[in-house]
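Position 1 is the first residue of the sequence, and the numbers go up from there.
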Amino acid sequence: MKPIPFCNAKYLPNSTLKEKFERNINWMLSLTPDQLLYNYRKNAGLDTKGAIPLTVWESPDFFFRGHFTGHYLSGASKSYVELTNSAPDNSKAIELKNRVDIIVEGLKECQEKFDTFEKFSGYLAAEPSKRFDNVENLRFNGNHYVPYYAIQKLMDGLMDAYEYLGNTIALQLVENLTGYVEKRMERLTPEQINAMIDTRWYQGIGHYIFHQEFGAMHRTLLRLYKMTKKQDIFNFAKKFDREWFRNMLIDNDDKLGYYSCHSNTELVCAEGMLEHYHVTGDEKYKQGVVNFMNWMHSGHELPTKGISGRSAYPAPADYGSELFDYPEMFFKHLSKLNGESCCSHDLNYLSSQLFADTKNVTLMDDYEIRFINAIMAQQNNDSAIAEYLYNLSVSPNSVKHFERGGFWCCVGSGTERHATLVDGIYYKDDKNIYVAQYFDSILDLKDDGITITQDSHYPENHFAHITVESQKNKAFTVYVRVPKWSANTEILVEGQPVYVTPVNGFVALTHEWGKKNEIRINFNFELRYQVLADRFNRIAIYYGPILLAAQTKDLSASNKSAKDYLKDLEKIEGKNQFRLKETDIIFKSLPEIPGEIPYNVFVKVSEEPIVKAIDTQNDGAELDHQWTLAVEPEKKNYLKITYDVVDDDSYSFQIENDDKVLFTQTITKEEWPEDSYYIYPLPLDVTQNRTKINIKIKPLDYEGLNFDSANVNKIEVLVAQ
């Protein structure tokens, strides 16, 4: 099975996706090629043509720059395809292609100028080559010099210009730049390369580790290999295939939180592993990515199905927005900004690619919720600027910060991915078609003489309306997904009910399709809630696939149960919104909430009866922070540790079981946990086949700093009921 690419799909006129697509095009057209070339020309010593430079991450004095030009090339090239699918002479498509050609020609001029003074030919970047020297010499001064990240975005943008616009100069620029990087890395030993591309903030050895981001270099070079069939490029790509990361995924050993890994850095490395599988057929690589996505689903995804937030460590490993914590450790994770938009885009890309390889419907269920609640909320409907980070905080009064504008990473990925919002909907297996998502779109399979149209404005409406048209009467199967959240889904073909049990989440509709055959799928939208994995008195509320947030400055805690709280939500007629009974507080979807308007995703209710305590001890201080605690081997177990209030110092320590680190914890007075406790969901392999575990708390050896362990008031084992 293969994903049917966006090239074969069109935007449905007057749809939400079409509006966002057009808004994104207008955003791109508001910029000029000279602005996008400014930093490249300045770095090459060329005339900047009087252009006004871009801002924030693309300002001429920022410590890395140039990534957005790559995203722009990708977004413009892909938008050209979409526009010309509907109208070959579309004026905006012609303008976008003209701009791409101008930018590519300008970059060619820059590369030729660099060749006159750089040590190796082929250099093409918006920042000086000494940034690569710094990376090779493991120099890091707190600023994120990430030259490989920036050039990887440029390489993908240039390859998109080649693939979708036929610009052969663009491909040559990429090959030249690849040759430059190859020559640089030829001088390095394998040990130097491994140190350079090691992205772990912490490795348990007591001191700070050099850290960088390399973007999707592995995947991008494999893509170039597929385009050129040059073996040396494949061999070069393998240098970005990090053994420690590959083995962690293949061995199914989630240490992302232990290493304080950067979410999107590792996510795109998983993309590289999957691409390696596609190129070589090595099943171990695919299984590693399957494991990685299982980790995301079960332990790292926020209610939007996005990822990223706090680290388990103190600064500098923690900067509060883009990192992994331990699986299911969300309460601290959600104390600041989180949910980096780049991660949501890349997770959906990876979900789509992996679904084609595995047919695992969970990937598509998560894709749907992520698309509706994270991706559809990213774009500011007034300016088209893309939000960088969301705020799904357990603290009250979250806001979207669209004014942070500028040219952040997520502005770049948002500009690129809003060109392809119709991607990931359809898949093809031999002659059969999978409809995996229900967003308004038109699938046009010209070679097969088949058109599929979706026009129900889902999820605003609670049904899917699918029209299948075949130029000739033809028998094949259309597979339609039954979402996990829809308990009672009704499917009709030509008005007649279909009584088929879903297999792997899909219903197979085998039919002789002809002119305008209609499928209607009626979904069962109901209110439901999800309890925070490590705080049993916090819930997120959904209506079908829609995550609801209370649009209010202050949302009072409730002494009601979660089920009773949902009974107090009254449906607003004609909308997917609810009013909290006897108040003016409205619960609505994140895309409907404007920037700077306070909202609350998590509702505090009475504690859910999810667990019971089976062992409680409060003598840890006398026992040198060591305990032997009862567990139940066949059930989910949790540690609940209540701490004595700390002073103004910062406490960082590790919670171990038989010398294996289970969790790392940092506590400060400024971020003292509510009710003085944290809950730590224990991995199943820790308690399997055991009735007791040996817990010890030890001060963290980190950065040469003298951390202490916080005093434990009480430690408990809780077991799922």
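Considering only heavy atoms from C-beta on, Glu109 comes within 4.5 Å of Leu46 through its side chain. Residues Phe324 and Met296 are in side-chain contact: their nearest non-hydrogen atoms beyond the backbone lie under 4.5 Å apart.
Neither side chain, Asp701 nor Gln654, offers a donor N or O lying under 3.5 Å from an acceptor on the other. Side-chain contact check for Tyr285 and Asp241: at least one donor-acceptor pair (N or O, by modelled atom type) lies under 3.5 Å. There is no side-chain donor-acceptor pair under 3.5 Å between His71 and Asp156. Asp160 and Ser74 share a side-chain donor-acceptor pair at under 3.5 Å. Looking at Ser352 and Tyr427, their side chains do bring a donor and an acceptor atom within 3.5 Å of each other.
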Legend entry - Verdict with supporting geometry, Ile25 and Leu96, side chain to side chain contact (heavy atoms under 4.5 Å, CB included): CA-CA 9 Å; Ile25 289 172; Leu96 286 172; 4.3 Å; yes

Inset, instruction - Decide side chain to side chain contact (heavy atoms under 4.5 Å, CB included) for Tyr72 and Glu416; before the verdict, give the C-alpha distance in whole Å, the side-chain angles of both, and the deciding distance to 0.1 Å. - result: CA-CA 6 Å; Tyr72 186 96; Glu416 175 182 346; over 6 Å; no

Legend entry - side-chain hydrogen bond (donor to acceptor under 3.5 Å, both in side chains) between Trp201 and Asp318, worked out: CA-CA 9 Å; Trp201 275 100; Asp318 182 58; over 6 Å; no

Legend entry - Audit row: Glu136, Lys130, salt bridge (charged side-chain N to carboxylate O under 4.0 Å, His left out) steps and yes/no: CA-CA 10 Å; Glu136 290 168 0; Lys130 67 180 181 181; over 6 Å; no

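Tested against Phe407 for a ring pair (Phe, Tyr, Trp, His ring centres under 6.0 Å), the candidates Trp27, Tyr388, Phe64 yield a single pass: Trp27. The residue from His345, Glu387, Lys20 that alone fulfils the side-chain hydrogen bond (donor to acceptor under 3.5 Å, both in side chains) condition with Gln378 is His345. Asn176 pairs in a side-chain hydrogen bond (donor to acceptor under 3.5 Å, both in side chains) with only one of the listed residues (Lys108, Glu112, Gln111), which is Gln111.
Residue-environment remark: CD (Glu243) stays at or below the threshold of 12 foreign heavy atoms within 6.0 Å. Residue Tyr162 qualifies as open at atom OH: its count of foreign heavy atoms under 6.0 Å is 12 or below.
Distance check, rounded to the nearest 0.5 Å: NE2 of His262 to OG1 of Thr199 gives 10.0 Å. In this structure, Phe114 CZ and Leu177 CG are separated by 10.5 Å, a value rounded to the nearest 0.5 Å. Rounding to the nearest 0.5 Å places NZ of Lys284 at 13.5 Å from CG of Leu249. To the nearest 0.5 Å, atom CG of residue Asp423 and atom CZ of residue Arg417 are 8.5 Å apart.
In summary, the aromatic rings of Tyr258 and Tyr202 are positioned with their centroids under 6.0 Å apart. The ring of Tyr164 has its center closer than 6.0 angstrom to the ring center of Phe6. Here the two rings, on Phe132 and Tyr148, have centers that are under 6.0 Å apart. Aromatic ring centroids of Tyr259 and Trp244 lie under 6.0 Å apart. Ring centroid separation for the pair Phe120 and Tyr123 does not come in under the 6.0 Å cut-off.
Electrostatic pairing of Asp133 and Arg184 counts as a salt bridge here, judged by a charged N lying under 4.0 Å from a carboxylate O. For the pair Arg223 and Glu163, the salt-bridge criterion is met [side-chain N within less than 4.0 Å of a carboxylate O]. Using a 4.0 Å cut-off between charged nitrogen and carboxylate oxygen, Glu322 and Arg310 do not count as a salt-bridge pair.
Screening residues 37-62 for salt bridge (Lys or Arg N to Asp or Glu O under 4.0 Å) gives Asp34-Arg41 as the qualifying pairs, with residues at least two apart or on separate chains.
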